[in-house]
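Below you'll find the structure, written out as structure tokens, and then a few comments.
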Amino acid sequence: MKELFQKIKDRTANVGVIGQGYVGLPLALVFAEAGFSVTGFDLDAKKVAAISRGESFIKHIGPERVAAAVASGRYQATTEFSRLRACDAILICVPTPLGPHREPDNSYIHSTARDIAKRLRYGQLVILESTTYPGTTDTEVRAILEESGLACTKEFLLAFSPEREDPGRRDFTTKSIPKIVGGVDPTSTEAAAALYAGAMDRVVPVSSARVAESSKLLENIFRSVNIALVNELKVIFGTMGIDVWEVIEAAKTKPFGFMPFYPGPGLGGHCIPLDPFYLAWKAAEHGSWARFIELAGEVNTRMPAHVVGKVVEGLNDDGKPLKGSRVLVLGLAYKANIDDDRESPSYEILELLREGGAEIAYCDPFFPVARKGRKHDLGLESVPLTPEAFGRFDAVVVSTAHDRFADPGLYRDVRLVIDTRNLLASIPFGSAKRPRVVKG
Ligand SMILES: NC(=O)c1ccc[n+]([C@@H]2O[C@H](COP(=O)([O-])OP(=O)(O)OC[C@H]3O[C@@H](n4cnc5c(N)ncnc54)[C@H](O)[C@@H]3O)[C@@H](O)[C@H]2O)c1
């Protein structure tokens with residue numbers, strides 16, 4: 001293993017990153033920018049071709065970064081997995097979705113581990129980055145890799161290091177976000193920590209892969225539970241005529257022991273709606289009930305229906321039924337100013353509105369056409385971002401607070417807004433006409 005440590009130290013280690021998506025692409029760039037030679041592996045030939053042309057397919061990752069890394073000769077992408085053998089460190093960033101019954105789907109991790117096992121050689125370091133339940137690395141991945149005939153910790157090293165990407169965030173980057181690392185043995189931890197330290201500002205070694213896996217789940221469960229709490233309080237305070245947003249602003253002046261979370265139309269993104277259930281599932285195997293996780297999931301999952309209820313109330317006050325009314329939903333992305341619509345609650349809201357007989361439309365400058373997903377196929381195109389287009393609807397629902405929706409002129413001819421993000425409260429309407437706003 002001496003050679004591996006030396007290569008990591010002098011940055012001559014070849015780094016392979018499997019999965020060139022939201023996590024793998026920026027990770028590959030950070031290593032290339034730090035001077036390592038990086039190979040990005042993906043099954044998707046279109047992504048590989050785009051990277052090879054120096055293009056980015058993720059809006060918040062500038063194409064100039066990809067172009068510069070490719071031009072430097074330190075970053076290549078390929079669909080050719082035989083090149084894994086030339087890598088000294090292999091980082092796995094493949095999807096970990098949920099199955100139809102909210103059960104973990106580790107099949108991508110397993111097939112990737114099998115791809116590696118076929119080419120595994122002495123002295124390689126394998127690091128799993130995909131979010132998963134504790135024990136995946138040191139049981140499932142280890143067992144598959146050992147099918148190669150090589151012994152883990154003696155002939156190859158293995159660790160887990162969770163990803164903490166927050167798409168669109170500007171104050172922290174992949175390089176500056178502290179990186180947790182836990183190996184299946186101390187040498188694996190040491191090697192993985194040394195590798196990340198070569199490219200990132202701060203590495204946090206922990207005692208095991210299981211602690212590293214669990215820390216990622218804690219971070220996401222913490223968010224899911226706290227978002228569910230404010231979503232529930234939104235409903236409770238709403239029945240009392242109290243504005244939860246004003247309550248949060250007041251509470252947040254406490255300089256200690258409070259951290260603000262904000263209500264919304266429901267959870268979105270690749271992590272928070274899904275990852276907690278990885279632990280809930282695993283907990284059952286150990287005879288435990290993950291009650292907070294299940295409760296938070298239930299509260300958050302109910303939010304789109306709550307929003308649609310608010311649309312019905314708002315239209316009712318205008319003497320209109322939902323059936324036949326024209327309703328525009330602002331934002332398909334799950335959060336502001338990004339082009340990521342995975343698990344976005346906007347889809348559910350639109351479908352519930354359509355089921356209720358409304359004529360639906362959406363506006364999102366990041367999605368000119370609504371993508372066909374695993375669960376949804378709206379068959380819609382974005383309406384233009386203009387006051388004329390907005391004025392044709394009986395109700396407008398703010399589901400995502402893109403900056404471009406914060407223009408008072410857009411609402412010139414709008415009568416009713418159901419605002420799930422408190423966006424309109426922050427718009428300086430001045431003397432401009434303000435629509436009636438129902439907080440959703
Ligand atoms: N997106 C985030 O913000 C985020 C943050 C933290 C952690 N994570 C975790 O990181 C992991 C990856 O998520 P992501 O958002 O990057 O997913 P993604 O869907 O954007 O990217 C995954 C990539 O892996 C490729 N792929 C799938 N199977 C493959 C295989 N067998 N071999 C090679 N490539 C394969 C896909 O083509 C895709 O390009 C997941 O476990 C996720 O939970 C994601």
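Note that the numbering runs from 1 along the sequence shown for the chain. It should be emphasised that the depicted structure is a prediction, and the values quoted were computed from it without experimental measurement. Ligands are counted one by one from 1 in listed order, and the atoms in each one are counted from 1 as well.
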I want to know if ligand 1 touches [X] in the polar sense, i.e. an N/O pair below 3.5 angstrom.
| X | answer |
| --- | --- |
| Y22 | yes |
| D42 | yes |
| T96 | yes |
| Y108 | no |
| D44 | no |

Quiz item: Where do E80 and T39 land on the side-chain contact (heavy atoms from CB on, under 4.5 Å) test, with the steps shown first?
Solution: CA-CA 10 Å; E80 195 39 76; T39 310; over 6 Å; no
Which ligand 1 atoms does [X] reach within 4.0 Å, using its non-hydrogen atoms?
| X | answer |
| --- | --- |
| T112 | 30 (C), 31 (N) |
| I18 | 32 (N), 33 (C) |
| S111 | 31 (N) |
| K47 | 38 (C), 39 (O) |

Quiz prompt | Ring center gap for F41 and F81 short of 6.0 angstrom | solution = yes
Quiz item: Mind checking whether F57 and Y22 have ring centres under 6.0 Å apart?
Solution: no
Quiz item: Are V211 and F160 close enough that some pair of their side-chain heavy atoms sits under 4.5 Å apart?
Solution: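 They are not in contact (no side-chain heavy atoms under 4.5 Å apart), so the answer is no.
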Quiz item: Tell me, do E294 and F277 make a side-chain contact under 4.5 Å, heavy atoms counted?
Solution: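 SC-SC contact between E294 and F277 confirmed.
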Under a plain distance cut-off of 3.5 Å, with no hydrogens placed, do [Y] and [X] share a side-chain donor-acceptor pair?
| X | Y | answer |
| --- | --- | --- |
| D185 | S188 | yes |
| Q76 | R83 | yes |
| N106 | Y133 | yes |
| E140 | H110 | yes |
| S148 | K118 | no |
| E165 | T174 | yes |

Which bit of [X] gets closer than 4.0 Å to ligand 1, counting heavy atoms only: side chain, backbone, both or neither?
| X | value |
| --- | --- |
| R342 | side chain |
| V23 | both |
| F57 | neither |
| S130 | both |
| C271 | side chain |

Among all the protein's non-hydrogen atoms, which is closest to [atom], and how far away is it?
| atom | value |
| --- | --- |
| atom 9 (C) of ligand 1 | T131 OG1, 3.5 Å |
| atom 24 (O) of ligand 1 | G19 CA, 3.3 Å |
| atom 12 (C) of ligand 1 | V94 O, 3.5 Å |
| atom 27 (C) of ligand 1 | P95 CD, 3.5 Å |
| atom 21 (O) of ligand 1 | G21 CA, 3.2 Å |

Practice problem: Could you pull out, from H270, K216, E163, the option with a heavy atom nearest to atom 14 (P) of ligand 1? | Solution: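 When every heavy atom of H270, K216, E163 is considered, H270 comes closest to atom 14 (P) of ligand 1.
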Exercise. Tell me which one of F81, F41, Y278 gets a heavy atom nearest to atom 32 (N) of ligand 1.
Key: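 The nearest heavy atom belongs to F81.
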Quiz prompt | Geometric class of the F31/Y196 ring pair [parallel <30°, tilted 30-60°, perpendicular >60°] | solution = tilted
Quiz item: side-chain contact (heavy atoms from CB on, under 4.5 Å) between M200 and T173: does it pass, once the steps are laid out?
Solution: CA-CA 10 Å; M200 290 169 190; T173 62; over 6 Å; no
